[in-house]
2 protein chains.
Amino acid sequence: MRGIDVPTVREIPPFTEMSDACFEEVLQMAYLQRFPPQVQLITEGDPADFLHIVIEGTVELFGTSNGRETTMAVLRPPSTFILAAVLKDAVYLMSARTIDRARVLMIPAENVRHAMEEDPAFARAMVMELASGFRSVVKTLKEQKLRTGVERLANYLIRAHDQTGSDGQVELTEDKRTLAAVLGMTPENLSRAFATLRAYGVEVHGSTINLTKMDDLIHLAQPTPLIDHRSI
Amino acid sequence: MRGIDVPTVREIPPFTEMSDACFEEVLQMAYLQRFPPQVQLITEGDPADFLHIVIEGTVELFGTSNGRETTMAVLRPPSTFILAAVLKDAVYLMSARTIDRARVLMIPAENVRHAMEEDPAFARAMVMELASGFRSVVKTLKEQKLRTGVERLANYLIRAHDQTGSDGQVELTEDKRTLAAVLGMTPENLSRAFATLRAYGVEVHGSTINLTKMDDLIHLAQPTPLIDHRSI
DNA sequence: CGAGCCATTGACAGAGGTCAAGGCGTGTGG
DNA sequence: CCACACGCCTTGACCTCTGTCAATGGCTCG
């Protein structure tokens, strides 16, 4: 293994319950690499040679077709990505690039598949990871098809609010350009969506957002655990 | 097992490589049920008690929120659905209803998870199924976000054409109302999309479609294996 | 033959993208 | 210290895509 802080990696979900022998073997051929912002890590259509795990920083998954581009997900640690492609020994369906400076652990696909054969606990963890990923994409698709842009923004703010202080204030963790991509709209449209939400007590001061009429906002957003509850 | 034609079930992908003992045990508690058209099989938000496998007929997965509804997928045999919810012992994220008359095999979630622990071949088949499902949803999301309605229809016709005779003729396997749902648009919009495609050699005669200018149609549709290739 | 469903078409409205212009803050260089 | 340039965000005008509502025509089935 190259450049790896072993104890840190050992605490990341897919590895916590792994046998020592398999852990050793998997890390044997793995890389831990640092990347500057805006570096493309993988390209859709390429064979899936490595399983990727975000250890630090932020990574964006995106898709392209017909000259258009769309953000599929934004990942923060600890997140595994392109697991399905690795298991099926297929090509990547999405591309990935860093947003922040980031550290990414890369494990050869071969070793991942082998470790799953050998170590039932690791296999179970990977299956759970895959199932969670599946459900995430389903929620994203539901959100995309069932909500307007304004509603997606409102629900995003409510989620961010619940996950942090819940004190009526939200600090955006990404610039608005990126937030627009996450929410599946253009930056211009995001500005308009914020303007629309002013009537629902959403006050924008740079990257700080105050929510002064939570009841009104929730009434507009209609959050549901079947879309908004991350990790269910 | 109740009402099950054992040899038939044995030939369905997840069961082909299963050990006899596990196969017996799984089927022990399973139901094979017949349903008339338009019957709701599962409801989003309910706990995932059974893994479902479509043996015959057509099943639609759909999602609801805020009084709106959207089709997530249309399944034909042999298709497993809601596998992720079963593995995570979570609630359904989608609802399901029959379109046709259908036969569905239902296996208690408990037994599925137990069989995966006991039978590595079955576990592997289930993981492959889950990974394939994941990639399907990703493709659906990409198609939804990157293509207009007209483009989605054009690509659907090209896929249908390639999968059947490839003789310039396509026979629609569902009524247009359902096709519109599959493509994520209203029936009115589907009609207009067909009208738009007339200029690209698409001639509609009831449920028979003639494609007389494949080159033009392909040029418009810009198909890509990373969205359109089913089972990659 | 009539009821009812489906598909089609037209008119309209809303959501969202594109293009262009301008404001504001930050940082750099004179 | 100020001037300028650059990037990001915002705003306005406009257009496309899509959904909604309503009316019509065709088909099937009782």
Side-chain angles (χ1 to χ4, degrees), chain A residues 37-38 62 64-71 99-100 143-157 171-200 202-209 220-222, chain B residues 37-38 62-71 99-100 143-157 170-200 202-209 220-222:
Chain A
Q38 299 297 332
F62 63 100
T64 337
S65 175
N66 214 343
R68 288 162 228 167
E69 179 182 312
T70 188
T71 299
I99 293 184
D100 291 331
E143 172 148 56
Q144 190 65 38
K145 290 183 79 171
L146 291 170
R147 287 178 174 160
T148 66
V150 172
E151 290 168 345
R152 292 199 296 277
L153 174 58
N155 279 291
Y156 176 91
L157 293 174
E171 188 67 29
L172 298 181
T173 56
E174 47 235 325
D175 57 20
K176 297 208 176 107
R177 167 187 223 76
T178 305
L179 178 57
V182 171
L183 295 174
M185 57 177 101
T186 58
E188 293 96 323
N189 232 314
L190 177 63
S191 280
R192 288 185 195 110
F194 269 122
T196 303
L197 289 182
R198 236 176 268 149
Y200 298 84
V202 176
E203 299 169 0
V204 181
H205 309 286
S207 66
T208 303
I209 317 288
L220 169 75
Q222 295 284 329
Chain B
Q38 299 297 332
F62 63 101
T64 337
S65 175
N66 215 341
R68 290 161 227 168
E69 180 181 312
T70 187
T71 299
I99 293 182
D100 290 331
E143 172 147 56
Q144 191 64 38
K145 291 182 79 171
L146 291 169
R147 287 178 175 160
T148 66
V150 172
E151 290 168 345
R152 292 198 296 277
L153 174 58
N155 279 291
Y156 176 91
L157 292 174
V170 170
E171 190 65 29
L172 298 182
T173 56
E174 48 236 323
D175 58 20
K176 297 207 177 109
R177 164 187 225 76
T178 305
L179 177 57
V182 171
L183 296 176
M185 59 176 101
T186 58
E188 293 96 322
N189 232 315
L190 177 63
S191 280
R192 286 186 196 107
F194 269 122
T196 303
L197 289 184
R198 234 176 271 150
Y200 298 84
V202 176
E203 298 170 0
V204 181
H205 309 285
S207 64
T208 302
I209 317 288
L220 169 74
Q222 295 284 329

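Just so it is clear: chains get the letters A, B, ... in the order the sequence lines come, proteins before strands, and each one is counted from 1. Keep in mind that what you see is a predicted model, and the values were worked out from it rather than measured.
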B/S/- along nucleotides 12-28 of chain D (protein heavy atoms under 4.0 Å) is BB----SBBB-------
With a 4.5 Å limit on heavy-atom distance, are the side chains of [X] and [Y] in contact?
X        : Y        : result
A/Lys145 : B/Arg68  : no
B/Leu183 : B/Asn189 : no
A/Leu157 : A/Leu197 : yes

Atom of [X], atom of [Y] and distance for their closest heavy-atom approach:
X        : Y        : result
A/Ala193 : A/Leu153 : CB-CD2, 3.7 Å
A/Glu143 : A/Arg147 : OE2-NH1, 2.8 Å
A/Thr64  : B/Leu146 : C-CD1, 3.8 Å
A/Ala154 : A/Ala221 : CB-CB, 3.7 Å

Nearest-angstrom distance from the residue atom CG of A/Leu179 to P of D/dT10: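 Atom-to-atom, A/Leu179 to D/dT10, this comes out as 10 Å.
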Rounding to a whole Å, what distance do you find between A/Phe194:CZ and D/dC9:P?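 Rounding to the nearest Å, CZ of A/Phe194 and P of D/dC9 are 10 Å apart.
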So where does chain B start and stop touching DNA chain C, 5' to 3', when the test is distance under 4.0 Å to a non-hydrogen atom?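 Contact span on the strand: C/dA7 to C/dA11.
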Do any pairs count as a side chain to side chain donor-acceptor pair (under 3.5 Å) and have a residue in residues 174-188 of chain A, sequence neighbours left out, and if so which ones?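 Residue pairs passing side chain to side chain donor-acceptor pair (under 3.5 Å), neighbours aside: A/Arg76-A/Glu174, A/Tyr156-A/Glu174, A/Asp175-A/Thr178.
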